[in-house]
Structures are given as structure tokens and as C-alpha cells.
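See below for the structure under consideration.
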Amino acid sequence: MFELPEFLTLARQVNQVLAGKTVQSGSLGNSPHKFVWYNRTPEEFAALTQGKFVGTAYTRGKWLFIPLEPGYLLTFGECGGRILHHPAGTPLPEKYHLLIHFTDGDALSAMTQMWGAMELYEKGAELQRQYIKGMRTTPADPEFTPEYFSALVQETAGGKKRSVKGLLTQDALIPGLGNAITQDILFLARLHPRHPVDALDGVEIGRLYTAIVDTIREAARLGGRNDETDLFNQPGSYQRLMDHNAVSRPCPSCGGKVEKIQYLGGACYFCPSCQPLPVN
Ligand SMILES: [Zn+2]
């Protein structure tokens, strides 16, 4: 599934190759899939997209927004799979969940893996959609400052008992983070996934903040993770430190053995020496 670095990469690439193009025709899926969330019928989608031009794309959390001017916004959210640019004259995929032809012969296709939203809104109406409405500050926003993060940790520690993995992956407290990038963030912050949020001291909060911002920035700079593909159907160049291959490698920091646990809806990979649970 795409996380914030992959969505940031897609937005950047849409702006490189699709900005300003005019839609010749837009169609929704020839490959039925009950976990693709549409908010338009194929007829509505075709009628509303025709003749619109692509504005400046942007990302928030796990959502990619592509303005179709004037007045509309195409969104891809909470998804993985393939969102691809097809230069004029190159073959198109046989199956797709969304396909847009542009007047210059280029095309954009999307095919989700698992699930995901492909929705078209009148600009502004997307802000009422579940998961977009009231979205918190994301690590790519300038408002994601050490002070903001520290206040978020205090707020989180005051509620139900939460671990740092929960802080990073649950309830969209930090939109855009998912189980994949979280493993590297916790490794760099030297925190065990189960480390209770209310046991974090000031130094650990600072380390976690830096690990989040640095990891997102680096992964986005490298075009996302190497187990996802970008708009040009190329894998990203960001190689995770702590993924399923890590259990057969020594810890990159201390050379010790990396462990795997199932915790909060996904596998966690961590070094028990570098990321010990606090004793109390
Ligand atoms: Zn280690």
C-alpha cells in the first residue's frame, strides 16, 4: 500500500508530466472490483471529466489530489497498486479501475491492489469525505513542528493506553504513516514498537520527531519504497532497513539479531538491543 512518501512521489511526477493536459475521455473500471470506492457512475465520470485540464497535484496523508480544472478534483486515497502515466503510442493496460485519455495521446491509468478510493469531487466537497474531513497535520506539512508533535504526544498519552506503533499507525493521528515506513522510523528513533507513549521522555520524543521527518523526506526524495512502483512503473529507490528481509540480516546498527512480532495489525521488525522496551 502507498504511504506518504509514495503519494508525495506520485504528486511530483503528475506535475512533471500531466500538468496542463486536457482530458479527452475519462472512464471508470473495466475490471469490476468491489473494494474500489467510486462516488460517480461511469457516465457521470465521463461527462464531468471531458474537456477539463490537469492542475497542480498535491498530497495529504494517504490521499493524492489531482485538480481537473475548472472546478473538479480527482482523488486517489488509501490505496496501493498502480497509478501510471502512459506516453502517447505506448500500450495501455488491458484491465484498469480508471483510465483517462488526454488530447495529446497520453493516458493515466489506475489499478488498485486490495482496496482504495478513486473519486471525483466538486472542489471543496472532498473536505466533507470521511478520512479527509478534519485530517490532522501530516509530516509533510510545515505545521508539523517539534512543538506540534510534542503536543500531539501529550494529548495521546492522556487518553487510552497507546504504544508508539499505535501513535504512528492508528486513528490517523499522523496521517500518511503506515506499517511499512513505521518500522524504519522506530528503528531510527531506537524505540520498541510496544514502547508506551506515556513513558516517552523529552529526549525520546525529540528522537521520534526527527526520525519521522527525516525518514519521510528521504523516502520521498528517493521516489518511495522499492516495493512500490511510481507513475512511470518504476520501483522507488528507498530500501527499508527493517522489512521482512531484515530478520535474516544483522541489525545495521549493532550487528545483533532482528526480531519479528505480529502487533497491531501487521508485522513489526526491530532490534531488541537497539530498541529495548523501557523497564519500570
Ligand atoms: Zn541493533
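Start at 1 and go down the list; that is how both ligands and their atoms are numbered.
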According to ring-ring contact (aromatic ring centres under 6.0 Å, His included), who are the partners of Tyr148, at least two apart in sequence or on a separate chain?
Phe144

Between Glu126 and Arg129, does a salt bridge (Lys or Arg N to Asp or Glu O under 4.0 Å) hold up when you go through it step by step?
CA-CA 5 Å; Glu126 82 284 359; Arg129 193 206 188 283; over 6 Å; no

Taking atom OH of Tyr131 as the centre, does the number of heavy atoms from other residues, nucleotides or ligands within less than 6.0 Å exceed 12?
no

Quick check on Arg249: does its CZ atom have over 12 non-hydrogen neighbours (other residues, nucleotides or ligands) under 6.0 Å away?
yes

With respect to Leu208, which candidate in Val153, Val197, Leu167 satisfies the side chain to side chain contact (heavy atoms under 4.5 Å, CB included) definition?
Leu167

Would you say Glu143 has more than 12 foreign heavy atoms packed within less than 6.0 Å of its CD?
yes

Heteroatoms of the protein, restricted to N/O/S, which lie under 2.8 Å from the Zn ion (ligand 1)
Cys251 SG, Cys254 SG, Cys271 SG, Cys274 SG

